[in-house]
Amino acid sequence: MAKITFITSDGNTTIVEGSTGSVMELAVQNKIKGIDGDCGGVCSCATCHVHVNPEQWDKTGAPDELENDMLEFDDNVSEYSRLSCQMKVSEDLDGLILTVAK
Amino acid sequence: MEKSKISDPFKKARLEKGIGEMNDQNDPVTMVLGHKDVRKCAHNWKTFQSGGEEVGRIVVPSEVHIRDTRQIPFEVDPPEHKGYRDIVEPWFKRPLEAKYQENLSQIINNVVDEALSKETIEVVEEFALKLQSRALTILLNVPPEKADLWISWGTHVFRSEDTALDSSKANILYDYIDAELDKAIANPGNDLYSVLLASENNGTKLTKEEAKGVMILTFAGGRDTVINAVTNSIAYFAEHPQALERLRDEPEIMNTAIEELIRYFSPLTQMGRVVTEDTQVCEHALKAQSRISMCWASANRDERVFEKANEVVLDRKVNPHVAFGFGTHNCLGATHARQIMRILLTVLTQKVKSMEILDCEENIENLDEFKRKVGFDSIQVKFNKL
């Protein structure tokens with residue numbers, strides 16, 4: 001079981017728990033504002049973009065090449081950007097804090 | 001296994017030059033072919049604009065001579081684009097609601113039942129067009145019988161048999177939308193026409209012309225594309241019964257299967273932009289006021305991005321396809337289209353054992369340098385019950 005915190009653009013903080021699936025799926029199930037996951041998690045739509053808390057970058061690791069390519073053309077990209085559909089929920093992510101990109 | 005195959009005519013040009021050239025009514029188009037270049041151009045709306053003065057020019061083939069109404073938000077660029085997009089976005093996300101899906105499921109079950117009850121069926125006119133038109137009544141939130149007229153227009157509502165574009169045909173649609181908007185002005189309801197007319201952009205009510213622009217986009221953008229996606233799906237599963245079997249056994253791959261079929265079919269081959277300043281793509285100089293197109297169909301077969309790019313891999317996990325476009329102007333109807341695909345595939349797995357293609361005529365787009373199959377003009381299929 002992992003507890004993950006989402007900070008949305010309206011400043012709200014939501015803590016959700018999960019043990020399987022992707023972080024995007026977990027966010028959609030919990031109706032986290034700004035995470036749409038239109039393509040269902042195949043890395044095609046970039047509607048699940050989050051900024052990882054920089055201090056926890058080691059927990060998630062960097063995006064792979066294809067994910068990076070998707071992020072490259074996103075206007076709100078940061079050094080700590082990830083597409084949450086490409087992050088698997090696991091114990092390793094327990095305590096993770098994510099800010100939903102605009 | 002050849003009838004359902006959609007080949008990739010762009011491969012050589014994509015790898016050797018990165019671009020293709022197409023003459024379109026004496027207004028040439030530089031076709032951008034590579035996945036990365038396509039996304040780069042789609043992202044750069046300042047240099048490659050949608051909202052130029054000439055309405056209809058970003059469509060390939062160009063609609064400059066047949067349309068004066070600006071399609072919205074499609075032919076508007078940021079920052080104005082956002083105001084319009086924010087108005088329509090919630091409406092076009094309704095396909096995520098359970099009630100919407102229930103209604104859509106009813107429609108799709110009906111067309112599949114009808115196909116199963118007949119000896120054989122011509123899928124383009126008698127299945128895909130009906131499905132698409134009836135599904136559109138849900139998107140517009142209008143009575144289901146409205147679809148009867150749209151179906152009667154046939155698949156060639158925007159063109160005659162021999163020419164790509166035909167203004168008298170296009171006017172049937174534009175006049176229809178005018179009349180429906182007038183009815184909504186006189187008698188507002190809960191349909192998209194009325195919702196648009198009641199909407200405000202920066203404190204100003206949308207004009208009838210603006211509402212018309214959204215409605216034209218909704219009708220035109222979702223007609224051939226959905227019809228091709230549905231027809232190509234039937235052809236694919238007819239020739240790949242094991243794929244239908246697999247979806248039955250592993251419904252958990254439904255999402256990746258839908259995205260993969262949409263990548264493979266790429267129902268919209270390309271979309272244009274007008275170049276605003278002298279620039280270049282793939283070391284190819286582009287002059288201000290010339291046109292480019294982003295060839296989604298080519299980008300979706302880019303071997304530098306997709307392994308086994310010409311194969312349908314139903315459980316392809318990472319699939320950064322651009323079949324719904326990319327960036328600011330990505331497809332507004334994608335949520336509706338994805339639900340149609342999800343429900344269609346689900347109903348096929350529940351009711352259909354197999355399908356046989358008896359006869360077909362391919363719909364080949366003539367893009368000068370390239371000839372691309374986008375679907376079928378007609379396809380006669382026998383549906384067998386599970």
Side-chain angles (χ1 to χ4, degrees), chain A residues 6 8-10 18-50 60-78 81-90 93 100-102, chain B residues 34-46 78 82 89-90 92-93 95-96 252-263 294 296 299-300 302 304-307 313-328 330-339 341-342:
Chain A
F6 290 94
T8 48
S9 61
D10 51 16
S19 50
T20 57
S22 72
V23 174
M24 178 278 288
E25 286 165 333
L26 185 64
V28 170
Q29 282 156 20
N30 288 280
K31 300 193 164 45
I32 301 294
K33 203 178 154 221
I35 303 280
D36 295 336
D38 288 347
C39 75
V42 299
C43 203
S44 156
C45 72
T47 60
C48 65
H49 179 186
V50 293
T60 64
D64 70 11
E65 197 188 337
L66 285 176
E67 184 187 334
N68 212 21
D69 283 350
M70 281 302 291
L71 287 164
E72 185 185 352
F73 295 116
D74 196 296
D75 286 330
N76 299 303
V77 72
S78 73
S81 282
R82 288 292 312 265
L83 293 178
S84 58
C85 72
Q86 299 303 304
M87 294 156 64
K88 264 181 88 86
V89 176
S90 73
L93 297 190
V100 178
K102 282 203 177 170
Chain B
H35 188 264
K36 187 154 193 167
D37 291 317
V38 161
R39 288 185 308 130
K40 211 171 173 173
C41 294
H43 177 68
N44 188 356
W45 52 265
K46 282 184 184 154
K82 191 181 182 315
E89 191 88 40
F92 282 83
K93 289 277 182 194
L96 297 175
E252 63 275 14
I253 67 163
M254 185 58 84
N255 187 72
T256 56
I258 291 165
E259 297 300 320
E260 175 66 346
L261 289 172
I262 291 170
R263 176 191 75 87
M294 296 155 301
W296 318 118
N300 282 341
D302 194 327
R304 293 161 292 194
V305 175
F306 302 99
E307 272 177 47
V313 180
L314 290 175
D315 58 357
R316 193 184 290 275
K317 286 187 183 57
V318 180
N319 191 348
H321 70 78
V322 287
F324 289 119
F326 184 79
T328 312
N330 67 1
C331 178
L332 186 59
T335 314
H336 178 71
R338 282 179 164 123
Q339 283 305 329
M341 287 293 281
R342 190 180 65 78

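Chain A is the first sequence line, chain B the second, and so forth, proteins listed ahead of strands; every chain is numbered from 1. Nothing here was measured: the structure is a model prediction, and the numbers come from that model.
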Q: Are B/H43 and A/D75 packed together at the side-chain level, in the sense that at least one heavy-atom pair is separated by less than 4.5 angstrom?
A: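 Of all side-chain heavy-atom pairs linking A/D75 with B/H43, at least one is under 4.5 Å.
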Q: Measuring only between side-chain heavy atoms, which start at C-beta, is A/S44 closer than 4.5 Å to B/R263?
A: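 A side-chain contact under 4.5 Å is absent here.
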Q: Taking B/N255 for its side chain and A/G40 for its backbone only, find out whether a donor-acceptor pair lies under 3.5 Å.
A: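 Checked: pair present.
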Q: For B/R338, which atoms come within 4.5 Å of any heavy atom of chain A: side chain, backbone, both, or neither?
A: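 Contact with chain A: side chain only.
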Q: Does a side-chain heavy-atom distance below 4.5 Å link B/K40 with A/E72?
A: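 A side-chain contact is absent here, since even the closest heavy-atom pair is not under 4.5 Å.
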Q: If you measure from the Lys or Arg side-chain nitrogens to the Asp or Glu carboxylate oxygens, is any gap between A/D69 and B/R304 under 4.0 Å?
A: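 No, this pair does not count.
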Q: Under 30°, 30 to 60°, or over 60°: which ring-plane class applies to B/F326 and A/F73, parallel, tilted or perpendicular?
A: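 B/F326 vs A/F73 ring planes: perpendicular.
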Q: Report yes if the side chains of A/C43 and B/V318 come closer than 4.5 Å at any heavy-atom pair, otherwise no.
A: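 Yes, close enough: below the 4.5 Å cut-off.
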Q: Picking from B/P320, B/A334, B/A323, B/G327, which has the most non-hydrogen pairs under 4.5 angstrom with chain A?
A: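 Among B/P320, B/A334, B/A323, B/G327, the one with the most close pairs to chain A is B/P320.
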Q: Please determine, among B/R316, B/E260, B/E259, the option with the most heavy-atom pairs under 4.5 Å with chain A.
A: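 The option with the most such pairs is B/E259.
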Q: Considering residues, nucleotides and ligands other than B/E252, do more than 12 of their heavy atoms fall under 6.0 Å from its CD?
A: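 It does: B/E252 CD has more than 12 such atoms within range.
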Q: Is it the side chain or the backbone of A/E65 that comes within 4.5 Å of chain B heavy atoms, both, or neither?
A: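 When you check distances to chain B, no heavy atom of A/E65 falls under 4.5 Å.
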Q: Hey, are the side chains of A/D36 and B/K93 touching, using non-hydrogen atoms and a 4.5 Å cut-off?
A: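 A/D36 vs B/K93: side chains touch.
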Q: CD1/B/I262 to SG/A/C39 distance, rounded to the nearest 0.5 angstrom?
A: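 Going from CD1 on B/I262 over to SG on A/C39, the span is 10.5 Å.
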